[in-house]
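All remarks here apply to the structure that follows.
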Amino acid sequence: MAVGPSLRQLHAHQAIHDGGLSGAISKTADFINASKTGDTEQINIVLDDLLDYWETRIIGHADSEEDGFYQELVEHNPSLQETVTKLIRDHDLLKIIVADIYKLRETEGLSGEILPKLQALIVVNGIHSRDEERLLFGN
């Protein structure tokens, strides 16, 4: 798969990460605020929007990294294979946490365990992004 220039350039890649994380933080705050209202319908709408954001924006970006960018890096520098494997594991953790939220919501509804998982997504994604920028771009 062809890799777009924004994945290869630190400043552009960092902007994608920062924008994605900022949006996730904002949408998580929306979920917290909706949860305070007790309006189950509204909370579910906000949570649907937040999970869709994680899947399309954050995990979608991760998938595009895996589908071309990481492969290209390893082809040019095979010593990056272990680093790339670790970064892919981070992506897997994000996917696992999102799936856990769906499962939790299905089995327990809007339980109090959803928010810590949403916060975990933010923490894992923040650490992953900074590690990726440092390890792959030397930032």
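In this text, all values refer to a predicted model and were calculated from it rather than measured experimentally.
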Next on the checklist: In this structure, would Leu110 and Trp54 fall into the same cluster of hydrophobic residues linked by side-chain contacts under 4.5 Å?
Outcome noted: yes

Item to check | Full working for side-chain contact (heavy atoms from CB on, under 4.5 Å) between Ile58 and His61 | outcome: CA-CA 5 Å; Ile58 309 293; His61 169 71; 5.9 Å; no

Checklist entry - Just by distance, do the side chain of Ser26 and the backbone of Ser22 share a donor-acceptor pair under 3.5 Å? => result no

Next on the checklist: Any non-hydrogen side-chain atom of Val98 less than 4.5 Å from a side-chain atom of Leu94?
Outcome noted: no

Checklist entry - Heavy atoms, side chains only, cut-off 4.5 Å: are Glu66 and Gln71 in contact? => result no

Item to check | Ion pair Lys103/Glu106, N-O distance below 4.0 Å | outcome: no

Next on the checklist: Between the side chains of Asp100 and Lys95, is the shortest nitrogen-to-carboxylate-oxygen separation below 4.0 Å, so that they form an ion pair?
Outcome noted: no

Item to check | Any residue meeting ring-ring contact (aromatic ring centres under 6.0 Å, His included) with His128, in chain and number order, not counting sequence neighbours | outcome: His91

Checklist entry - Is the closest side-chain donor-acceptor distance between His76 and Glu72 under 3.5 Å? => result no

Next on the checklist: Glu65 vs Glu132, test: side-chain contact (heavy atoms from CB on, under 4.5 Å). Steps then yes/no.
Outcome noted: CA-CA 11 Å; Glu65 289 174 330; Glu132 183 180 89; 2.7 Å; yes

Checklist entry - Just checking, is any N or O donor in the side chain of Tyr70 or Gln81 under 3.5 Å from an acceptor N or O on the other one? => result no

Item to check | Contact summary for Leu136 and Thr83, nearest pair of heavy atoms | outcome: CD2-CG2, 4.1 Å

Checklist entry - Quick one: do the His13 and Glu133 side chains pair a donor with an acceptor below 3.5 Å? => result no

Item to check | Exercise: identify the closest heavy-atom pair between Leu135 and Leu80 | outcome: O-CD2, 4.4 Å

Checklist entry - Is it the case that one hydrophobic cluster holds both Ile59 and Leu118, taking links as side-chain heavy atoms less than 4.5 Å apart, direct or via other members? => result yes

Checklist entry - To which residues is Ile96 joined in a hydrophobic cluster, defined by side-chain heavy-atom contacts under 4.5 Å among Ile, Leu, Val, Met, Phe, Trp and Tyr, whether direct or through other members? => result none

Under 3.5 Å, side-chain donor or acceptor atoms of residues 28-36 against the rest of the protein: list the pairs with distances, not counting sequence neighbours.
from: Thr28; atom 1: OG1; to: Ala24; atom 2: O; distance (Å): 2.7
from: Asn33; atom 1: ND2; to: Ala29; atom 2: O; distance (Å): 3.3
from: Ser35; atom 1: OG; to: Phe31; atom 2: O; distance (Å): 2.8

Checklist entry - Applying the 4.5 Å side-chain criterion to the ILVMFWY set and letting contacts propagate, would Leu21 and Ile16 be lumped into a single cluster? => result no

Next on the checklist: Working note: Glu41 + Asn44, criterion side-chain contact (heavy atoms from CB on, under 4.5 Å); need CA distance, chi angles, decisive distance, verdict.
Outcome noted: CA-CA 5 Å; Glu41 184 177 342; Asn44 277 308; 6.0 Å; no

Next on the checklist: My understanding is that only residues two or more places apart in sequence, or in another chain, count here; which of them pass salt bridge (charged side-chain N to carboxylate O under 4.0 Å, His left out) with Lys117?
Outcome noted: none

Residues 45-53 side chain polar contacts: donor-acceptor under 3.5 Å, at least two apart:
from: Asp48; atom 1: OD1; to: Arg105; atom 2: NH1; distance (Å): 2.8
from: Asp48; atom 1: OD1; to: Arg105; atom 2: NH2; distance (Å): 2.8
from: Asp49; atom 1: OD2; to: Lys27; atom 2: NZ; distance (Å): 2.7
from: Tyr53; atom 1: OH; to: Gly19; atom 2: O; distance (Å): 3.4
from: Tyr53; atom 1: OH; to: Gly20; atom 2: O; distance (Å): 3.0

Checklist entry - What is the distance from atom OG1 of Thr40 to atom CD of Gln42, rounded to the nearest 0.5 Å? => result 11.0 Å

Checklist entry - Would Ile114 and Ile25 show up in the same hydrophobic cluster when neighbours are defined by side-chain heavy atoms closer than 4.5 Å? => result yes

Item to check | Minimum-distance pair of heavy atoms, taken over all atoms of Ile97 and Ala120 | outcome: CD1-CB, 4.2 Å

Checklist entry - Of all residues at least two apart in sequence or in a different chain, which pass the salt bridge (charged side-chain N to carboxylate O under 4.0 Å, His left out) check with Glu82? => result Lys86

Checklist entry - Can you hop from Phe137 to Ile127 via hydrophobic side chains spaced under 4.5 Å? => result no

